[in-house]
Amino acid sequence: MQAMGIPVWKPKDTPHPPPPSPSRGEGEEEMPSVLLNSYPSSLPSPLEGRREERLGAGRGVRGSSCSHLSWDELRATVQSCTRCDLAKTRTQTVFGTGNQQAVWMVIGEAPGAEEDKQGLPFVGKAGQLLNNMLAAIGMPRETVYIANVLKCRPPNNRDPKPDEAANCRGYLERQIELVNPALILVVGRIAAQNMLQTDAPLARLRGREHLAPVSRTPVVVTYHPAYLLRQPADKRKAWQDLLFAREVAARYVR
């Protein structure tokens, strides 16, 4: 919680209270900071386990022209993509980054200005907060794979248009297939609605285990880090989402 910028409250007369269970619905203010860097015995680290045991192993991307592409071929295809007008305004494409055999995959909405400059997802202030969020749950950035629904920055950071998201859909589905994660953490309403093909509000998508439409990979939804920078009071809810994501991932990793 300290890594996410959440104040940790402790009673003055009990400087060393026993750590409570991290179950959802519990008083957030009593959650100990020790949960940031370790897993309770009932929840093994998602980094443990064999890749072949993950949910969705061996499932292909149905109906995608990208389903046969290797990592290098997919990256080259994205870099040369001109399917929509975003190709005219981008500085460069933002393919994705991280561990290509990650247990967790993080999916955001679209690149911003800094991402467009560097060609990497989540490298601005929101990216710094995302790094803290991942570290807080015991999943440092280098252990996950991060990608966006869109591979190009929309002008003025506007929301993706439906046809833009549709044009990038095959790229994202192939990335999911190649990574074959045990869990997908989707950050933000726009990314969640595009990923899950729904118009449900974020409040209805949080706190539930979803399945990605094609890969059937478990999906957990939380707030976008950029939103949390504007509304830091909701960091506590995001922390609960991260705990829930860890619980979901633990079901599929042995």
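Residues Y223 and K235 fail the side-chain proximity criterion, which asks for heavy atoms closer than 4.5 Å. Two residues are said to be in side-chain contact when any heavy atoms from C-beta on lie closer than 4.5 Å; V219 and I107 fail this criterion. L242 is listed as a side-chain neighbour of L185, based on a closest heavy-atom distance under 4.5 Å. With contacts defined as side-chain heavy-atom distances shorter than 4.5 Å, the pair P213/R169 qualifies.
Looking at every heavy atom in both residues, Y252 comes nearest to P218 through CE1-CG, 3.3 Å. Closest of all the heavy-atom pairs between I190 and P160 is CG2-CD, 3.6 Å. In this structure, P111 and N157 approach most closely via the heavy-atom pair O-OD1, 4.1 Å. For the pair A165 and V149, the tightest heavy-atom approach, listed with the atom from each and the gap, is CB-CG1, 4.2 Å. The two atoms that bring A102 and V179 nearest to each other are O-CG1, 3.6 Å, heavy atoms only. Closest approach of S215 and T217 over heavy atoms only: OG-OG1, 2.7 Å.
Among residues at least two apart or in separate chains, there is no ring pair (Phe, Tyr, Trp, His ring centres under 6.0 Å) pair with a member in residues 198-217.
Of the possible polar contacts, none joining the R90 side chain to the P155 backbone as a donor-acceptor pair under 3.5 Å is found. E115 places a side-chain N or O within 3.5 Å of a backbone atom of G112 that can act as its donor or acceptor partner. The closest donor-acceptor contact from the side chain of R174 to the backbone of L69 lies under 3.5 Å.
Hydrophobic clustering, with ILVMFWY side chains joined whenever heavy atoms are under 4.5 angstrom apart, keeps V94 apart from I146. Taking hydrophobic clusters as Ile, Leu, Val, Met, Phe, Trp and Tyr residues chained together by side-chain heavy-atom distances below 4.5 Å, I176 shares a cluster with V106.
Between C152 atom SG and Q79 atom CD the span is 10.5 Å, to the nearest 0.5 Å. L134 CG to I137 CD1: the interatomic distance, rounded to the nearest 0.5 Å, is 9.5 Å. Note that CG of L228 is 9.0 Å distant from CZ of R230, once rounded to the nearest 0.5 Å. In this structure, F244 CZ and L183 CG are separated by 9.5 Å, a value rounded to the nearest 0.5 Å. The distance from atom CE of M133 to atom CE of M139, rounded to the nearest 0.5 Å, is 13.5 Å. Rounding to the nearest 0.5 angstrom, the gap separating the CG atom in N148 from the CD atom in E109 is 8.0 Å.
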Exercise. Give the C-alpha distance, both sets of side-chain angles, the deciding distance and a yes or no for side-chain contact (heavy atoms from CB on, under 4.5 Å) between L196 and V221.
Key: CA-CA 10 Å; L196 298 173; V221 176; 4.1 Å; yes

**Message:** For a side-chain contact (heavy atoms from CB on, under 4.5 Å) check, start with the C-alpha distance between T222 and V220, then their side-chain angles and the critical distance, and finish with the verdict.
**Reply:** CA-CA 7 Å; T222 190; V220 171; 5.7 Å; no

Practice task
Give the C-alpha distance, both sets of side-chain angles, the deciding distance and a yes or no for side-chain contact (heavy atoms from CB on, under 4.5 Å) between E209 and E247.
Solution key: CA-CA 10 Å; E209 178 182 341; E247 293 174 5; over 6 Å; no

Quiz item: Would M195 and L205 satisfy side-chain contact (heavy atoms from CB on, under 4.5 Å), going step by step from the backbone distance to the final call?
Solution: CA-CA 11 Å; M195 181 70 213; L205 297 175; over 6 Å; no

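Tested against V78, the residues Q175, E73, K151 include a single side-chain contact (heavy atoms from CB on, under 4.5 Å) partner, K151.
Ring orientation note: the planes of W71 and F95 are nearly perpendicular, at an angle over 60° on the 30°/60° scale.
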Output a table of donor-acceptor pairs, distance under 3.5 Å, between side-chain atoms of residues 117-131 and any protein atom two or more places apart or on a different chain; print 'none' if there are none.
unit_1: Q118; atom_1: NE2; unit_2: E114; atom_2: OE2; d: 2.9
unit_1: N131; atom_1: OD1; unit_2: R141; atom_2: NH1; d: 3.1
unit_1: N131; atom_1: ND2; unit_2: G127; atom_2: O; d: 3.4

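Using a 3.5 Å distance cut-off with no hydrogens or angles, the side chains of T91 and D116 do pair a donor with an acceptor.
Here R158 pairs with E164 in a salt bridge; the nearest charged N to carboxylate O distance falls below 4.0 Å.
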